[in-house]
Colleague: 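Questions regarding the structure given below will be posed in turn.
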Amino acid sequence: MSYFSWKALAPLLVALLVALLPAPESLAPHAWYFFAIFLGCVVGLIFEPLPGAVIGLIGVTVAALLAPWVLFSPEQMAAPGFNVPNSAFAWAVSGFNNSVVWLIFGAFMFALGYEKTGLGRRIALWLVKSMGRRTLTLGYAVMIADTILAPFTPSNTARSAGTIYPVLQNLPPLYDSQPNDPSMKRMGSFLMWTAIVSTCATSSLFLTAMAPNLLAVALAETATGVRIGWGQWFLAAAPAGVLLLLVVPLLCYWLCPPEVKSGSAVSDWAESELKGLGRLTRNEVVLVVLVLMALMLWIFGGDVISASLVGLVVICAMLLLGVLSWNDILSNKPAWNTFVWFATLVALAGGLSQVGFVGWFGNLVGARISHFDPLMAMLALTVIFYVLHYFFASITAHVTALLPVMLAAASGIPGLDMQMFVLLLLPTLGFMGILTPYGTGPSPVYYGSGYLPGPLWWRLGAIFGLLFLLVWLAVGVPWLLLIL
């Protein structure tokens, strides 16, 4: 039997095995069966025999078909006027009503605007031209470019691997720094490592810089009732995130030192590329205005307009002003794929709370660690959540599998501030992507560039992963205690 067949069978086998085990004491049988389906979906997301959106769609469909046995208790179904088929369907599509899912979709359209107008490439080239005469300042140019694009690009793969990497890959050969060759140390290794570290830092700084952030916020709200907005996330993450961004290029310069310290070739190349692009186009100017408007509304307009509606307003504006066409939106497969994927995952995770599994698990774990100081418990759960990313090749799978467990465990600890825990836990998602060559979307692209061989990545990944975690806890915890 082929490897693919084993991967395809694994989710089904896991779900069946768990379902056949006796339900734990004090947990309703239907909740245990739903957990079996959920766990099968998680296994599917890890092995990916099918696209994630397909796995999520199959999961909610199976759960809805088996609703009398997995979704509703006998007491619910016996209630007057309760309609099982209609209620099951309403649950299955409930994720599409989630505002965060629509925010994800809107942010993908921002990214499409950057790509179609060429504004993203222009920003990267302009920074390289302005700061490229010294290798250290070139590293800062890479970081700044990622930071500018991050708030409006919820795919760090599209942002870093799709926009920044195509510019960077042209630079090392200008100084005879070749991939898979000792000469990679001349410049290539430094540039590629700075780029991936920067995108991991920006992915934690902004809620909309990485799609799993938005998924995590939606799951946390479903499980705990704690709602986190764009401004609240940024306020919580800014002290540690900004500090890390400021020192990351310098640390890369020290720990992955380039042999070439300065030169004009990179700046000259970027200048020639910019000349080829010509002057700013009308659509680029319009997009800049819309981006600034959205950013102001996300930060200051939360009491007037929801962040998700801001995204829809900008989409309508881009369509009316000709920045995007309807065919552009229809053909944006990553956006529609992510929309369906996350909507189904939100429904599945919400089902864990609906059937009572999260509450049961929280009480179970909470009883075992109830003697912990609430702050120490938060720190311990955050470190465990972070380190376990070594076992995941997808931050989305990590969120889906572990976030409900961590939230349930925290909810069972007397005196624990759940809002602070959510704001402490969720921003680690971007940071943890640096740990492994498979830790986040753009990692395989940089790993495959030939400038970051395995031993170098694992060593630097451990160093920067530990640094990110220590700075986040040392700066983030006191800051959260101050502002909450």
Side-chain angles (χ1 to χ4, degrees), residues 48 115 120-121 124-125 127-128 131-146 149 155-203 248-270 272-273 389-390 392-395 430 432-465:
E48 291 190 335
E115 179 184 349
R121 175 175 169 82
L125 286 170
L127 287 167
V128 168
M131 304 174 69
R133 293 189 178 276
R134 297 187 63 84
T135 308
L136 177 58
T137 56
L138 180 59
Y140 275 93
V142 171
M143 178 274 290
I144 293 171
D146 199 292
L149 299 176
S155 168
N156 58 1
T157 305
R159 176 173 75 252
S160 189
T163 301
I164 294 176
Y165 176 77
V167 174
L168 290 188
Q169 68 177 345
N170 294 287
L171 306 185
L174 297 175
Y175 291 99
D176 198 27
S177 179
Q178 302 296 333
N180 301 306
D181 185 85
S183 65
M184 64 186 178
K185 297 179 181 179
R186 290 177 59 80
M187 180 177 283
S189 296
F190 164 74
L191 281 181
M192 298 304 172
W193 187 250
T194 303
I196 186 61
V197 174
S198 297
T199 205
C200 288
T202 58
S203 293
V248 152
L250 184 59
L251 290 173
C252 294
Y253 193 78
W254 288 340
L255 297 174
C256 188
E259 295 174 357
V260 175
K261 307 299 182 182
S262 63
S264 62
V266 164
S267 182
D268 293 343
W269 174 83
S272 67
E273 290 291 306
H389 191 59
Y390 273 105
F392 288 90
S394 162
I395 294 179
M432 65 178 63
I434 199 60
L435 291 172
T436 67
Y438 50 81
T440 189
S443 297
V445 174
Y446 288 99
Y447 182 65
S449 69
Y451 289 104
L452 296 170
L456 178 63
W457 188 303
W458 285 102
R459 178 173 61 85
L460 291 176
I463 294 171
F464 278 82

Colleague: Just so I know, are the side chains of K261 and P258 near enough to count as touching, which here means a heavy-atom distance under 4.5 Å?
Modeller: yes
Colleague: Is there side-chain contact between L251 and V197, with heavy atoms separated by less than 4.5 Å?
Modeller: no
Colleague: State, to 0.1 Å, how close P442 and T199 come at their nearest heavy-atom pair, and which atoms those are.
Modeller: CG-CG2, 4.0 Å
Colleague: Which atoms form the tightest heavy-atom contact between L250 and Y140, and what is the distance?
Modeller: CB-OH, 3.8 Å
Colleague: Given L460 and L456, is the side-chain contact (heavy atoms from CB on, under 4.5 Å) satisfied, shown in steps?
Modeller: CA-CA 6 Å; L460 291 176; L456 178 63; 3.6 Å; yes
Colleague: State, with a plain yes or no, whether a side-chain heavy atom of P173 is found less than 4.5 Å away from one of Q178.
Modeller: yes
Colleague: Holding to side-chain contact (heavy atoms from CB on, under 4.5 Å), I want the full list of residues that pass it with Y447, two or more places apart in sequence or in another chain.
Modeller: P437, W457
Colleague: Please step through side-chain contact (heavy atoms from CB on, under 4.5 Å) for the pair Y446 and S160, ending with a clear verdict.
Modeller: CA-CA 9 Å; Y446 288 99; S160 189; 2.8 Å; yes
Colleague: With sequence neighbours excluded, tell me which residues meet side-chain contact (heavy atoms from CB on, under 4.5 Å) with N180.
Modeller: none
Colleague: Write down the atom of S177, the atom of M187, and the distance for their closest heavy-atom approach.
Modeller: OG-N, 3.3 Å
Colleague: Can a side-chain donor-acceptor contact be found between D146 and T202 if the only test is distance below 3.5 angstrom?
Modeller: yes
Colleague: Taking all non-hydrogen atoms of both residues into account, name the closest pair between V248 and S198 and its distance.
Modeller: CG1-OG, 4.1 Å
Colleague: Contact between M131 and I144 at the side-chain level, heavy atoms closer than 4.5 Å - yes or no?
Modeller: yes
Colleague: If you compare all heavy atoms of A145 against all heavy atoms of I164, which two are closest, and at what distance to 0.1 Å?
Modeller: C-CD1, 4.2 Å
Colleague: Answer yes or no: is there a side-chain heavy-atom contact under 4.5 Å between Y175 and V266?
Modeller: yes
Colleague: Say you draw a straight line from CD1 of I196 to CG of L168; how long is it, rounded to the nearest 0.5 Å?
Modeller: 11.0 Å
Colleague: For R459, enumerate each residue passing the salt bridge (charged side-chain N to carboxylate O under 4.0 Å, His left out) test, keeping only those at least two apart in sequence or located in another chain.
Modeller: none
Colleague: Applying salt bridge (charged side-chain N to carboxylate O under 4.0 Å, His left out), name anything that partners R186, two or more places apart in sequence or on another chain.
Modeller: none
Colleague: Taking the side chain as every heavy atom from C-beta outward, state whether Y165 and S449 have any atom pair closer than 4.5 Å.
Modeller: yes
Colleague: Between T135 and S262, which heavy-atom pair has the shortest distance, and what is it?
Modeller: OG1-N, 3.8 Å
Colleague: Go through the steps to decide whether C200 and T440 satisfy the test side-chain contact (heavy atoms from CB on, under 4.5 Å), and finish with yes or no.
Modeller: CA-CA 8 Å; C200 288; T440 189; 4.2 Å; yes
Colleague: Mark yes or no for whether T194, through its side chain, and P249, through its backbone, hold a donor-acceptor pair below 3.5 Å.
Modeller: no
Colleague: Would you say W193 and I434 make side-chain contact, with heavy atoms under 4.5 Å?
Modeller: yes
Colleague: Show your reasoning for whether side-chain contact (heavy atoms from CB on, under 4.5 Å) applies to W269 and V167.
Modeller: CA-CA 10 Å; W269 174 83; V167 174; 4.0 Å; yes
Colleague: Who pairs with P179 by side-chain contact (heavy atoms from CB on, under 4.5 Å), at least two apart in sequence or on another chain?
Modeller: Y451
Colleague: How would you list, by chain and number, every residue that makes a salt bridge (charged side-chain N to carboxylate O under 4.0 Å, His left out) with D268, sequence neighbours excluded?
Modeller: R133
